[in-house]
Amino acid sequence: MRRFSVYDTMSREVRLFVPITPPKVGLFVCGLTPYDDAHVGHAKTAVTFDVVARALRRWGYRVFYVQNVTNLDDKVIARGAELGVDPLSLADRHLARWRVAMERLGVASVNYYPHATDYIPEILVQIRQLIDQGYAYAADGSVYYEVAKFREYGKLSGQKTEALRPGARVELDKAKRSPEDFVIWKAATPGEPSWESPWGPGRPGWHIEDTAITVRLLGARYDLHGAGLDLKFPHHEAEIALAEAATGESPLVNYWMHVGLLNFKGEKMSKSLGNVVSLDDVIDEVGPGVLRFYYLNAHYRSPLDFDPDRSLSEAREAHQRLSVPRRRLLEALAQRGAEGEGVELPEEVARESAAAVERLDAVLSDDFNTREAIATLFGWSRRAGEFVGDRAKLSGAALSQLLAPYQWAEEVLGIFEPLTPTPPSTGADALVTVALEARKRARERGDFSEADRIREALKAAGVLVEDSAQGTRWESRKPRAE
RNA sequence: GCCGAGGUGGCAGAAUGGUUAAUGCGACAGACUGCAGAUCUGUUUCUUGGGGGUUCGAUUCCCUCCCUCGGCUCCA
């Protein structure tokens, strides 16, 4: 197991990570409330923790990664009512889309996506414990958590409940003993989904599903909890208050990771401002690799500003610097075979390849500095680039050495799309071949205007032609980059 | 008002108590090419928001002021 450090929000410092039961690591990330389509901000968090999980697994940890789904809450119900559909099936539908987007983005690291409504028994048990231990009270068919009873409330965020300004967004609810109390069991409203309980029919409040789920799946104490920065207060504060009061164990979580939010031109991305950028649209436009690159090109804790006119095109250009040499080398390796004979790399370069991979692991193990990893990859690309031109002469072993840092990036960062195996030849391919043969003859007889005309015509048809010392290659290029 | 994050070159965005403050984008020039593309090489710009302090030395630590963003019970 490689040692690594993480910035822990609770202690406000970068700390060496020590699992409770090595090599196991329990990782919980606050997931989606699927009442609407996902936007690029949601995926930033998902990709961040995907990289965390990938890295830990590479380093020998056995990660159990749980991401919950709040498939029933006020927003889901409100949206369902608006559209005249059952809230739970509305949530299912959006969740299915999210899962597809995650698959496209290469986020396969999550072991389990528990749904809030599948943990009603656990939630009721926890509510019972809280009432028995004097942390919660029932009133008017609902149950509330009494924040004042939990002395350490605020220890994560530094917020003090006395500072809560009355009237801001505090729920006005007469049944509450104090404005900062929050509902953990909400009395049923006719027409809305509800479950029986000792306090009458109702449904879970927001925060308690997470603690019911994590206590059940990860235990009363677990290693790592992640989420977007916006959930730090009050949600995570509430999680701590609920779980630590219910189980009597502390701390609930050893390391808290919070991801900087994605802004839109300096402002928060939100429905009400009308500046949300659809995740699916962006994946369609630039492809998953470029989007992941864009996220990972900054430190996960920094806020990242999304500018529709610049961010993605810049990321695409920069991404090419890595993906193009990688693809060339992979193609050469496929032709030559891993055992193929040929020119070997100078010993110094072979050593540099291994050193680059080691450096990649090293920078990532310092609070997941993906930006530094990408800088390292650029450095390697420049070095490897010296040999890319001669790739046809290199041995399989040499090509593999040149590829090693890129493979690391594929494994841990996931910023490359898999190299599509040569697709079966189609009629269109045959036509391109014919056109290129004509172009080749034109070039041979020095008729460059004809050659350029063919190249332009192909380009207009979405076929990109490039000449090189190794001959002419082409690829079909839709608006999306690779 | 309270809590938190941050202010680094034309832009994006790292890092460090101490040689020339990464990397990428952009721009310019060169190599290669019939041209283009891709690739390589070189050049280009910041003394790190203002002020004060600690130190032999700070962009990095401390204080203060200004500004931006987020949170303050919807939010990844």
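Computed from a predicted model, the values in this text were never measured in an experiment.
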Between [options], which one does the side chain of [X] approach most closely?
| X | options | answer |
| --- | --- | --- |
| A:Thr45 | B:rG71, B:rA38, B:rA76 | B:rA76 |
| A:Trp206 | B:rA76, B:rC74, B:rC72 | B:rC74 |
| A:Ala318 | B:rG34, B:rC75, B:rG24 | B:rG24 |
| A:Asn369 | B:rA14, B:rA38, B:rC40 | B:rA14 |

In whole angstroms, the gap separating C1' of B:rG24 from CG of A:Leu304 amounts to 14 Å

Searching all strands shown, indicate the nucleotide that pairs with [N] (Watson-Crick or G-U wobble; both distances under 3.5 Å).
| N | answer |
| --- | --- |
| B:rU16 | none |
| B:rC72 | B:rG1 |
| B:rG6 | B:rC67 |
| B:rA27 | B:rU43 |
| B:rU60 | none |

### Lys/Arg-Asp/Glu bridge criterion (N-O < 4.0 Å) met for A:Asp305, A:Lys265
no

Between A:Glu146 and A:Ser178, is the side chain to side chain donor-acceptor pair (under 3.5 Å) condition met? List the steps.
CA-CA 8 Å; A:Glu146 189 165 10; A:Ser178 173; over 6 Å; no

Check: [N] base within 3.5 Å donor-acceptor of [X] side chain:
| X | N | answer |
| --- | --- | --- |
| A:Asp305 | B:rC69 | no |
| A:Asn263 | B:rG70 | no |
| A:Arg455 | B:rC35 | yes |
| A:Arg328 | B:rU39 | no |

Counting any heavy atom closer than 4.0 Å, what does [X] reach on the DNA or RNA strands: base, sugar-phosphate only, or nothing?
| X | answer |
| --- | --- |
| A:Arg453 | nothing |
| A:Lys268 | base |
| A:Ser311 | nothing |
| A:Phe448 | base |

Under 4.0 Å: is that the gap between some side-chain N or O of A:Thr376 and OP1 or OP2 of B:rU23?
no

Is the phosphate of B:rG4 approached by A:Arg12 (side-chain N or O, under 4.0 Å from OP1 or OP2)?
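Answer yes for this pair, as a side-chain N or O of A:Arg12 is under 4.0 Å from OP1 or OP2.
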
Closest heavy-atom pair, A:Val290 versus A:Glu417, reported as atoms and distance to 0.1 Å, is N-OE1, 4.5 Å

In the structure I gave you, are the side-chain heavy atoms of A:Val253 and A:Leu224 within less than 4.5 Å of one another anywhere?
no

